[in-house]
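What follows is a set of notes on a single structure, which appears directly below.
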Amino acid sequence: MKEIELSNIEAFSKIYNSNVNNKNIEKKIKQYGLDKVCIQQKIIDENPPSFNLELEETKRYNQKDSLRCWAFSGINVIKRNMANNLNMDIMQFELSDNFIAFFHRLEKANTTYEKILTSKTTDLNKIVKKNILKNPVEEVGNWQTFVGIVKKYGLVPMTVMPITIEGESATKVTNLFSETVRNNAISLLEFKKQNKSIKELRKIKLGMLADNYEFLSKVYGEPVKNFNYDYIDKNGNNISLTNITPNQFAKQFLSIDIDNFIFISNVPKKNRKYGEKLKNPTSININKMKYVEFLHLSIKELKDLSIKQLKNHIPVMVGIYIRKFSDKKSGVLDTRLYDYENLVKYKSLNKEAGMLVGDIELHHWMTITGVQIEEGVPQRWKVEDSYGDKEKINGYYIINDNYFDKYVFTVIINKKYLSKKQLELYNQKGIIEES
């Protein structure tokens, strides 16, 4: 049989109706929706919001539709350290994501232009095939992006550069800015065809970047070169920081060496071994930034290293997939949360197969701030999200350990928590991955 025939449909219907429960389930799903019918309360009850290793609560950020989860998660890693060095109540301290996003967009524009200038071809069709212009300035980043921006441009408090209306939603700015950058890239190709020198081309590029700076300044606000910051410390003293630059602010009050944090990943693929150091060339999105390098370890090692870091009062940035088996009302993420398998004949892929066929991927960054450990084994994890405090449990998820196994891909860990063997493996040259 090559095509579905009407007789097949009749046979399918007979099989379906031979089970009286099917029509009852159909009726309930039509009335209440799939998740309300399939959710299992007993699984929610097994994941209470209690943790025996837990960092102090902080004010929740709300990224809305900005797509800046990577920036907020990076901020969540460092904000306790900075608040402590400022001697400031952590609930009163916020850092500006808008400042980070501004320079992220500008840097990505420059990266696109540089790819054009250093390309061996001036053929637009070949440039398109290389995907250089596919997503030139999308709001996508990771820990390495965050570190690159902070080390180069510094940090500012939220009050100094608050989020703007256009900063709350990435779509419009991305569409307009992408078209502008693509237009400029095409112009650079035309100038290359005129055999202009690289010095002349980079001078033209600077003019384009000046226009890009103007665009971003008008929609996000122009970044400050220096600022004043007034706050009340934990002792009730009025503190004033005067005429401080973003770089001075970061250098003075961020005592964590963010360069020492590395990607520890569990991304199983055929013929990939634990202990390999890998490099992903497609993850480069800021000019001169080296490949994202990560150490591929077992999921147990990811958990053990996360716990080590939490015990030293440092949150763990985590790259995860959260589009399945999640309930925003209870905040629970658990692979058993919905009984899809029995009620609608759902069939689950394992982690390796899911990654291979594109069913699951790292699409969101959050921050681990707690864990429940029983007899040395983690049971559930407290993970701070960046969508405010109205959903989940005051804005954080409770991730069951089984969810960690399947849907966590990467944790960002300070190298000092690695074992001697793990550190030796990380210091090896590494293998460049295709994707």
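Since the structure is predicted, the reported quantities are computational estimates derived from the model, not experimental observations.
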Hey, could you give me the CD/CD distance between Gln372 and Gln379, rounded to the nearest 0.5 Å?
7.5 Å
Does Glu341 CD have over 12 foreign heavy atoms under 6.0 Å away?
no
CA sep, side-chain torsions, deciding dist, call: His364, Trp70, ring pair (Phe, Tyr, Trp, His ring centres under 6.0 Å):
CA-CA 7 Å; His364 191 43; Trp70 61 274; over 10 Å; no
Salt bridge (charged side-chain N to carboxylate O under 4.0 Å, His left out) pairs touching residues 247-261, sequence neighbours excluded, are Lys151-Asp259
Phe263 ring center near Phe294 ring center (under 6.0 Å)
no
Does NZ belonging to Lys28 count more than 12 external heavy atoms closer than 6.0 Å?
no
Can a cation-pi geometry be assigned to Lys277 and Tyr426, taking NZ or CZ under 6.0 Å from the six-membered ring centre and within 45° of the ring axis?
yes
Students often mix this up, so state it plainly: with edges at 30° and 60°, are the rings of Phe51 and Tyr396 parallel, tilted or perpendicular?
perpendicular
Counting only heavy atoms not in Tyr32, do more than 12 fall under 6.0 Å of its OH?
no
Any sub-3.5 Å donor-acceptor pair from Asp334's side-chain atoms to Asn400's backbone N or O?
no
Between Tyr321 and His363, what is the ring plane arrangement, given parallel below 30°, perpendicular above 60°, and tilted in between?
perpendicular
Should the pair Trp143 and Phe261 be assigned to parallel (<30°), tilted (30 to 60°) or perpendicular (>60°) ring geometry?
tilted
Ring pair (Phe, Tyr, Trp, His ring centres under 6.0 Å) assessment of Phe215 paired with Tyr213:
CA-CA 5 Å; Phe215 175 95; Tyr213 184 94; over 10 Å; no
Spell out, as yes or no, whether a donor-acceptor pair under 3.5 Å connects the side chain of Asp359 to the backbone of Gly354.
no
Side chains of Asn76 and Tyr61, donor plus acceptor under 3.5 Å
no
Within the structure provided, determine whether Leu305 and Val411 are in side-chain contact (heavy-atom separation under 4.5 Å).
no
Asn427 side chain vs Leu423 backbone, donor-acceptor pair below 3.5 Å:
yes
Using a cut-off of 6.0 Å, state whether more than 12 heavy atoms not belonging to Gln428 lie near its atom CD.
yes
Any Phe325 side-chain heavy atom under 4.5 Å of Leu333 side chain:
no
Would you call Lys351-Asp405 a salt bridge at under 4.0 Å N-O?
no
Can you list everything that forms a side chain to side chain contact (heavy atoms under 4.5 Å, CB included) with Lys130? Sequence neighbours excluded, please.
Ser119, Thr121, Ile132
Sub-4.5 Å side-chain heavy-atom contact between Glu94 and Thr159
no
Assess Arg68 against Tyr220: is NZ or CZ under 6.0 Å from the centre of the six-membered ring, and within 45 degrees of the ring's axis?
yes
Where the side chain of Asn84 meets the backbone of Arg80, is there a donor-acceptor pair that is under 3.5 Å apart?
no
Hey, are the side chains of Lys347 and Tyr340 touching, using non-hydrogen atoms and a 4.5 Å cut-off?
no
Parallel, tilted or perpendicular, judged at 30° and 60°: which one describes the rings of Tyr403 and Tyr407?
tilted
My understanding is that only residues two or more places apart in sequence, or in another chain, count here; which of them pass ring-ring contact (aromatic ring centres under 6.0 Å, His included) with Trp365?
none
Just by distance, no angles: are the side chains of Tyr387 and Gln63 close enough, under 3.5 Å, to form a donor-acceptor pair?
yes
So do Arg202 and Leu117 actually touch side chain to side chain, heavy atoms under 4.5 Å?
yes
Pairing donors with acceptors under 3.5 angstrom, does anything connect the side chains of Asn81 and His313?
no
For the residue pair Phe249 and Phe227, does the interplanar ring angle fall in the parallel (under 30°), tilted (30 to 60°) or perpendicular (over 60°) class?
perpendicular
Salt bridge Glu361-Arg323, side-chain N to carboxylate O under 4.0 Å
yes
